[in-house]
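Worksheet: one structure, shown below.
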Amino acid sequence: MPVNLKALQKVYCRLFFDLSDCLLCGQPGRALCAPCTALISALPANPCRCGLPQITPVTTVDSPDPPLCGRCIRRPPPFSAARSAVLYGFPVDRLITRYKSRGDLTAERACQQLLQRQVLPWPDADALCPLPAHWRRRWLRGFDQSARLTARLAKQWQRPLLPALQRQRPTPHQQGLRASQRRHNLRRAFRCVQPVTGLHLVLVDDVMTTGSSARAAARCLLDAGARRVSVWTLARTPAGR
Ligand SMILES: [Zn+2]
Ligand SMILES: [Zn+2]
């Protein structure tokens, strides 16, 4: 059988030099081209503790903690701060869905492009802890995207990776559920399996929606003795979604 050397060469070149067409518009070069990257909305620099923009910004001098928004005043999160790289919306939603549902490695590369300029917002953080999916969901999907994301950030931010949490039981799909139902599902969902006493841990996940999982996971780490828990996600849904 004749081998198409030219085509083969092209495939190897692409794999070797990490070349791919833009996932969103097809322009050759990178997994996410510059014009498409420009469509992605960033989050404000000084969000509330929950990671969302302040509706009425309050300036507090001399306070290391950000001021609270109305939602957080009613129900303060157990974590100290939450930050995300980008707002969850077009085109990031397409990328993340593609990555999660199909384990698409080009989509992962595009997501990683979004991480490159991210700096660790908490210089005193001791270790990064992935927010784990239940093994059954991980097994069905074939990979754990939050573990992979955390490993990548641990290298970038030069902090140890500490997989301190385990899901005790699968949580039903949270989409479409009311916040109170989500909270009910998440009660006792996590278990701390590593010593975390005195540590400032950064919980890492791909998307933060209502923050119920992050709250439950942070509470579990604090109960196990962590000094402080911060949350970092690749994307954050806007308020009210
Ligand atoms: Zn593009
Ligand atoms: Zn808030």
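Just the heavy atoms: all of them, side chains too, but no hydrogens, waters or symmetry mates, feed the values below. We count ligands from 1, going down the list as the structure has it; atoms in each ligand are counted the same way. Predicted model, so just to flag it, every value in this text is computed and none were measured.
The angle C48:SG - the Zn ion (ligand 2) - C50:SG amounts to 110°, with values rounded to 10 degrees. Seen from the Zn ion (ligand 1), atom SG of C22 and atom SG of C25 lie 110° apart in angle, a value rounded to 10°. In this structure, SG of C72 and SG of C69 enclose an angle of 110° at the Zn ion (ligand 2), rounded to 10°.
Under 3.5 Å, the side chains of T209 and T237 contain no donor-acceptor pair of N or O atoms.
Between the side chain of W157 and the main chain of Q118, a donor-acceptor pair closer than 3.5 Å is present.
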Chi angles and distances behind the side chain to side chain contact (heavy atoms under 4.5 Å, CB included) call for C111, L234: CA-CA 8 Å; C111 291; L234 175 60; 4.0 Å; yes
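Using a 4.5 Å cut-off on side-chain heavy atoms (C-beta onward), R167 and S213 make contact.
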